[in-house]
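First the structure, in the form of structure tokens, and then the observations on it.
Sequence positions, counted from 1, serve as the residue numbers for this chain.
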Amino acid sequence: MVTGDNAGAAQATLRACGVEECESSMTPTQKTQLVLARKQGGEVVAFVGDGINDGPALAASHVGIAMGASGTALAMEMADIVLMSSNLKALSKAVGISREA
């Protein structure tokens with residue numbers, strides 16, 4: 001997980017989602033650089049975001065996913081996919097549907 005939130009907020013989200021790795025307090029530039037570095041390393045990168053600060057990383061990723069219910073117009077415009085829910089369970093459901101296709 002990569003977030004602009006502080007470490008405390010990030011840890012709460014990690015526990016709720018079962019994510020093991022996190023980079024917190026990241027700037028939009030740092031998020032984008034991380035996405036590009038992973039792509040250059042041969043990884044397929046999906047980036048999930050909901051804010052203006054996520055726009056560049058959404059655009060740089062292989063698959064940008066905006067969380068629509070609370071997302072900004074910029075995040076939705078930069079994303080390849082817009083989920084009309086802020087519930088992260090919707091993301092898991094979308095991944096499952098795409099794997100079935």
Side-chain angles (χ1 to χ4, degrees):
M1 183 173 90
V2 178
T3 181
D5 293 340
N6 66 44
Q11 289 300 318
T13 303
L14 286 177
R15 285 190 297 276
C17 298
V19 175
E20 295 178 10
E21 296 179 38
C22 179
E23 295 285 339
S24 59
S25 302
M26 300 276 291
T27 67
T29 300
Q30 289 171 319
K31 292 177 190 179
T32 304
Q33 289 171 339
L34 184 76
V35 167
L36 293 173
R38 295 220 172 189
K39 284 175 68 175
Q40 290 173 349
E43 295 181 55
V44 175
V45 180
F47 189 90
V48 180
D50 66 355
I52 291 171
N53 292 337
D54 297 320
L58 286 164
S61 66
H62 287 103
V63 179
I65 304 168
M67 301 301 284
S70 65
T72 64
L74 177 68
M76 289 187 261
E77 183 67 29
M78 302 275 63
D80 301 297
I81 299 167
V82 177
L83 300 178
M84 298 312 293
S85 170
S86 292
N87 187 333
L88 289 175
K89 290 180 182 178
L91 176 60
S92 178
K93 185 175 181 177
V95 170
I97 290 169
S98 71
R99 287 184 175 157
E100 293 174 8

What's the spacing between [X] [atom1] and [Y] [atom2] if we round to 0.5 Å?
X: M84; Y: M76; atom1: CE; atom2: CE; result: 6.0 Å
X: K31; Y: T27; atom1: NZ; atom2: OG1; result: 8.0 Å
X: N53; Y: T29; atom1: CG; atom2: OG1; result: 9.5 Å

In terms of hydrophobic clusters joined by side-chain contacts under 4.5 Å, are L74 and F47 together?
yes
Should V48 and V63 be counted in the same cluster of Ile, Leu, Val, Met, Phe, Trp and Tyr side chains packed under 4.5 Å apart?
yes
Greater than 12 external heavy atoms within 6.0 Å of E77's CD
no
Between H62 (side chain only) and V45 (backbone N and O only), is there a donor and an acceptor less than 3.5 Å apart?
yes
Which atom of [X] lies closest to which atom of [Y], heavy atoms considered:
X: G51; Y: A75; result: O-CB, 3.7 Å
X: G49; Y: L58; result: N-CD2, 3.9 Å
X: L14; Y: E21; result: CD2-O, 3.8 Å
X: N87; Y: M67; result: O-CE, 3.5 Å
X: A9; Y: N6; result: N-OD1, 2.9 Å

For the pair V35 and K39, evaluate side chain to side chain contact (heavy atoms under 4.5 Å, CB included) and give the outcome as yes or no after the intermediate values.
CA-CA 6 Å; V35 167; K39 284 175 68 175; 4.1 Å; yes
Out of D54, L91, D80, which residue meets the side chain to side chain contact (heavy atoms under 4.5 Å, CB included) rule with I65?
L91
Using a 4.5 Å cut-off on heavy atoms from C-beta on, say whether the side chain of D5 contacts that of S24.
no
With sequence neighbours excluded, residues passing salt bridge (charged side-chain N to carboxylate O under 4.0 Å, His left out) with E23:
none
